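Have a look at the structure below before the remarks.
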Number of protein chains: 2
Amino acid sequence: MSIQKIAKLAGVSVATVSRVLNNSDSVKAKNRERVLQAIKESNYQPNLLARQLRTARSYMILVMVSNIANPFCGEVVKGIEEEAEKNGYRILLCNSGSDLQRSRSGLSLLSGKIVDGIITMDAFSKLPELSALIGTAPWVQCAEYADSGTVSCVGINDVDASQHVVSQLADGGRRRIALINHDLSYKYARLRERGYKSVLHLRDLEYQVVEYASDLSSSAGMAAMKKLLANNPPDAVFAVSDTLAAGALRAIEQAGLRVPQDIAVVGFDGTELSEMVSPPLSTIEQPSRDIGRKAVDLLLNKIDNPDAPTERVMMDWRYVARAST
Amino acid sequence: MSIQKIAKLAGVSVATVSRVLNNSDSVKAKNRERVLQAIKESNYQPNLLARQLRTARSYMILVMVSNIANPFCGEVVKGIEEEAEKNGYRILLCNSGSDLQRSRSGLSLLSGKIVDGIITMDAFSKLPELSALIGTAPWVQCAEYADSGTVSCVGINDVDASQHVVSQLADGGRRRIALINHDLSYKYARLRERGYKSVLHLRDLEYQVVEYASDLSSSAGMAAMKKLLANNPPDAVFAVSDTLAAGALRAIEQAGLRVPQDIAVVGFDGTELSEMVSPPLSTIEQPSRDIGRKAVDLLLNKIDNPDAPTERVMMDWRYVARAST
DNA sequence: CTGAAAGCGCTTACAG
DNA sequence: CTGAAAGCGCTTACAG
């Protein structure tokens with residue numbers, strides 16, 4: 001069913017049908033009626049491919065994440081959705097799983113003109129190939145940073161937040177503070193590790209152990225914690241995600257130790273999960289929704305105005321103390 | 001940058017360029033070289049809109065979920081991704097948030113020919129308008145059922161699973177068993193409630209209290225549990241999702257009661273979360289990944305073979321007993 | 001093995 | 001207010 005058929009059915013030209021479809025211009029009421037009638041009768045639905053090919057505009061944006069299962073990511077996406085919707089855009093979610101092949105495939109939606117722009121929450125700094133694939137298309141990094149200054153990004157100051165956590169633990173008398181970090185191909189992981197190390201150094205704390213979780217699942221956090229417990233265990237653990245911290249909690253409990261008496265635990269993100277585990281987690285609360293919203297604002301601005309300047313937006317964060325410390 | 005430009009650059013026709021792009025036919029090695037060279041030089045990337053418009057094939061499928069934040073949903077999506085990828089398809093995720101407007105918008109990707117088919121994990125049975133929008137396009141319902149027999153679906157036998165849970169609780173001596181259910185616009189919610197009620201009836205248990213959670217978040221589960229505790233509290237709670245059960249656990253703890261001594265709790269889905277909370281949850285383990293994979297198989301079959309028969313696939317489930325009961 | 005040409009289903013100046 | 005026509009960027013018989 002095409003616009004041609006509708007035109008024939010309604011006894012008008014395709015141009016007229018197109019006009020009522022885009023409720024633009026002034027179409028004579030009678031003709032509009034006829035067209036609407038024909039559309040209804042034939043259950044016609046416009047072919048978006050043709051439309052987008054012609055107008056070079058899709059009002060869709062691609063959101064690439066490495067793991068939607070992470071609740072923080074889910075929150076950010078909600079913010080993105082809200083703001084996109086408010087501006088007449090729809091979003092397409094692509095879960096890369098940090099897989100190169102799948103990332104490539106996702107990006108082809110951008111280079112293939114299916115979407116108008118892209119928001120990534122994925123690690124790109126070590127993958128120049130992917131950045132090249134994006135080229136000069138509208139692109140915003142979200143809750144993750146670009147090394148170069150050519151792409152806009154929005155997030156929090158990870159070094160500061162990390163330093164704050166470790167300082168709090170040290171202030172509370174902890175001397176053996178371990179870090180459960182994510183893959184260092186993420187810039188945020190490198191920054192948080194830097195914050196961690198800088199405080200240890202500043203306070204002359206010798207114990208410095210970093211365990212890397214294979215992904216941001218609770219079971220990865222649990223596995224990492226088990227390794228930490230295996231030899232020379234810490235008296236405090238800072239995990240860079242609430243999910244990891246939740247797993248750590250579980251491993252500590254299984255080892256017959258108590259939180260926070262034996263080991264204090266701090267998470268990151270401030271997701272609902274941090275309140276649901278027992279004991280509830282101290283954590284860094286990120287303004288997840290706002291990060292998502294802001295990312296959309298930056299992106300839409302870039303789409304409408306291709307030579308808008310690159311921006312690097314830093315949002316506020318907040319340390320929330322709960323029973324785990 | 002278009003195929004035209006490449007043709008000019010390489011000194012061949014657009015047809016030849018198209019042929020090397022689809023590495024089809026036999027193109028003379030020399031010409032192939034030239035084209036490849038031109039593509040590289042100009043950093044050309046094919047316009048997918050044009051390609052898909054022409055071929056009427058996108059090798060993309062749309063996955064519509066009501067809430068990706070639900071970990072069970074995340075697992076199913078992983079299964080979908082794996083199977084799709086294996087078959088050369090990519091998936092687009094659309095988070096409807098159970099919102100009619102957003103669902104409509106997502107479905108236009110289907111009617112607009114952007115995708116070849118759709119897998120839904122959303123409630124449709126009460127929304128004939130949406131079903132109409134999908135029309136006769138390839139469609140599989142996943143972990144949720146269609147009322148009519150015209151659309152294929154894959155899931156588990158919810159009535160059986162629910163009956164099993166409630167029977168277990170009753171066998172364990174529980175007499176006041178409450179249900180924390182989801183919105184009844186979901187067929188699975190109606191089926192699980194039916195299973196719950198049938199066992200109560202069978203065993204002459206008079207206590208019958210159902211609380212409905214506003215969504216599948218832990219905080220909704222917590223809110224529901226608080227209501228149950230407010231008057232005439234149960235000695236067991238069956239929640240239709242692990243996330244809800246996790247929230248219930250928390251509410252019980254906050255009320256100063258013990259699980260399972262005072263109140264037993266059972267979840268549903270068998271997600272990682274069920275092992276991460278304390279005490280770990282007894283739950284119904286669904287074969288999430290396999291459900292996703294199977295849905296893709298059914299869908300691709302329907303795409304390739306439009307008059308394939310409708311199938312209703314029931315997968316196996318398993319009751320996992322843990323410390324919460 | 002290759003190219004000219006038609007056509008996928010739209011939108012949009014342009015002329016009337 | 002309306003229609004004929006060009007064109008978005010591809011693919012694919014068809015003829016050679």
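So that the names make sense, note that chain A is the first sequence line, chain B the second, and so on, each numbered from 1. What you see is a predicted model, and the numbers here were worked out from it, not measured in a lab.
Applying the side-chain contact (heavy atoms from CB on, under 4.5 Å) rule to B/Asp99 yields the partners A/Glu85, B/Gln101, B/Arg102; only residues at least two apart in sequence or on another chain are considered. A/Ser214 meets the side-chain contact (heavy atoms from CB on, under 4.5 Å) test with A/Ala220; sequence neighbours excluded. Remark: A/Glu129 engages A/Arg104 in a salt bridge (Lys or Arg N to Asp or Glu O under 4.0 Å) (not counting sequence neighbours). Partners of B/Lys86 under the salt bridge (Lys or Arg N to Asp or Glu O under 4.0 Å) rule, at least two apart in sequence or in another chain, are B/Glu83. By the side-chain contact (heavy atoms from CB on, under 4.5 Å) test, B/Asn301 pairs with B/Asn305, B/Ala308, sequence neighbours left out.
Using modelled atom types, one finds a donor on one side chain and an acceptor on the other under 3.5 Å when comparing A/Asp122 with A/Ser96. Using modelled atom types, one finds a donor on one side chain and an acceptor on the other under 3.5 Å when comparing A/Thr120 with A/Gln141.
Among A/Leu93, A/Leu62, A/Leu109, the one residue that satisfies the side chain to side chain contact (heavy atoms under 4.5 Å, CB included) test with B/Leu92 is A/Leu109.
Within the 4.5 Å cutoff, no side-chain heavy atoms of A/Met121 are placed close to those of A/Glu144.
Atom CE in B/Met1 sits about 14 Å away from atom P in D/dC8, given to the nearest Å. Rounding to whole angstrom units, NZ of residue B/Lys8 and P of C/dG3 are separated by 14 Å. Following rounding to the nearest Å, B/Lys28 (NZ) and C/dC1 (P) show an atom-to-atom distance of 9 Å. A/Tyr59 places its OH atom 13 Å from the C1' atom of C/dT11, with the value rounded to the nearest Å. Atom pair B/Lys30:NZ and C/dT2:P shows a separation of 12 Å (rounding to whole Å applied). Counting to the nearest Å, the C1' atom of C/dT11 and the CD atom of A/Gln4 are 12 Å from each other. Atom-to-atom, CD1 of B/Ile3 to P of C/dG3 comes out at 12 Å; the value is rounded to the nearest Å. In this entry the distance linking CZ of A/Arg57 with P of C/dT11 reads 15 Å, nearest Å.
At the phosphate of C/dT11, OP1 or OP2 sits under 4.0 Å from a side-chain N or O atom of A/Ser18.
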Contacts under 3.5 angstrom, residues 110-119 of chain A side chains, donor-acceptor by atom type, not counting sequence neighbours:
| from | atom 1 | to | atom 2 | distance (Å) |
| --- | --- | --- | --- | --- |
| A/Ser111 | OG | A/Ser108 | O | 3.4 |
| A/Asp116 | OD1 | A/Ser58 | N | 3.0 |
| A/Asp116 | OD1 | A/Ser58 | OG | 3.1 |
| A/Asp116 | OD2 | A/Arg57 | NH1 | 3.3 |
| A/Asp116 | OD2 | A/Ser58 | N | 3.2 |
| A/Asp116 | OD2 | A/Tyr59 | N | 2.7 |

Taking only distance into account, with no hydrogens and no angle test, what donor-acceptor pairs under 3.5 Å do side-chain atoms of residues 63-75 of chain B form with protein atoms, sequence neighbours excluded?
| from | atom 1 | to | atom 2 | distance (Å) |
| --- | --- | --- | --- | --- |
| B/Ser66 | OG | B/Tyr186 | OH | 2.9 |
| B/Asn67 | OD1 | B/Ala69 | N | 3.0 |
| B/Asn70 | OD1 | B/Phe72 | N | 2.7 |
| B/Glu75 | OE1 | B/Arg289 | NE | 2.9 |

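Of the residues in residues 10-17 of chain A, those with a non-hydrogen atom less than 4.0 angstrom from any atom of DNA chain D are A/Val12, A/Ser13, A/Ala15, A/Thr16. Using a 4.0 Å cutoff on non-hydrogen atoms, the parts of residues 42-55 of chain A near DNA chain D are A/Leu53, A/Arg54, ordered by number.
Here the OG atom belonging to A/Ser288 is positioned 9.5 Å from the CE atom belonging to A/Met315, to the nearest 0.5 angstrom.
The 5' end of DNA chain C is approached more closely, in terms of each residue's nearest nucleotide, by B/Asn31 than by the other of A/Leu21 and B/Asn31.
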Structure string for DNA chain D in dot-bracket form, Watson-Crick and G-U at under 3.5 Å, | interchain
|||.||||||||.|||

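Spacing of C1' atoms, D/dG16 relative to D/dT12, comes out at 16 Å, to the nearest Å.
Residue pairs meeting the salt bridge (charged side-chain N to carboxylate O under 4.0 Å, His left out) criterion with at least one member in residues 33-54 of chain A: none, sequence neighbours excluded.
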Tabulate atom names and distances for all N/O pairs under 3.5 angstrom spanning the protein and nucleotides 14-16 of chain D.
none

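Using a cutoff of 4.0 Å between basic side-chain nitrogens and carboxylate oxygens, A/Arg293 and A/Asp290 are scored as salt-bridged.
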